Structure formats: structure tokens, C-alpha cells
Amino acid sequence: MRVREANRNLLLLGSFTLLSVAAAGLVALLDPAPAPANAAPRPAANQAPAGGQAPVRIIGTPFVPNTNPRQR
């Protein structure tokens, strides 16, 4: 049984898609479940972390993306 030349690209696309879906499914099955979220309350952003490290200090103005290229 030969595949006509007009259908070869479609056959290649279908086989590649099938193999890709099978590989993604296998990876999804082998991937461990994510850890449950910690129910402990998180410290506020302005408090120092409990690990003894100083909080990060941001120097300068915050970055604002230029959404209008004509405006400078």
C-alpha cells in the first residue's frame, strides 16, 4: 500500500502530532504532583524576613513600559 504524494505531508503531520501528544502525556503521568500550598500566613511585604537577611532595597524610579512608541 503506497501513500499518494498529495497525502504525504498530511500523514507526516498526523504522525508527528500523535507522537508529540503521546510524549506529553507520558511526561504528565510521570511528573510528581505539586506540593500543597502552605496554610501558614505569609509576612507582609514591608517586614524583614525571618531568615536574618535584610530586605532588598530598590533604588531609582520604577520601570514603566512605553506602550505608545510615538510618545517619548
Side-chain angles (χ1 to χ4, degrees):
M1 177 174 108
R2 294 188 65 151
V3 178
R4 288 189 289 176
E5 188 174 350
N7 294 334
R8 286 185 186 160
N9 288 337
L10 190 59
L11 181 66
L12 181 63
L13 177 66
S15 60
F16 179 76
T17 303
L18 183 64
L19 289 175
S20 297
V21 168
L26 182 65
V27 169
L29 287 175
L30 296 177
D31 192 28
N38 192 359
R42 302 184 92 184
N46 59 359
Q47 293 179 350
Q53 296 178 344
V56 177
R57 182 176 171 197
I58 300 173
I59 300 173
T61 58
F63 174 73
V64 179
N66 184 11
T67 56
N68 188 0
R70 294 182 183 192
Q71 179 185 358
R72 290 250 176 197

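Throughout, residue positions are numbered sequentially from 1 according to the sequence presented. Quick caveat: nothing in here was measured; it's all calculated off a predicted structure.
More than 12 heavy atoms of other residues, nucleotides or ligands sit less than 6.0 Å from atom CZ of R8.
L10 shares a hydrophobic cluster with no other residue; no ILVMFWY side chain has heavy atoms under 4.5 Å from its own.
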Could you tabulate the donor-acceptor pairs under 3.5 Å formed by side-chain atoms of residues 17-29, not counting sequence neighbours?
| residue | atom | partner | partner atom | Å |
| --- | --- | --- | --- | --- |
| T17 | OG1 | L13 | O | 2.8 |
| S20 | OG | F16 | O | 2.9 |

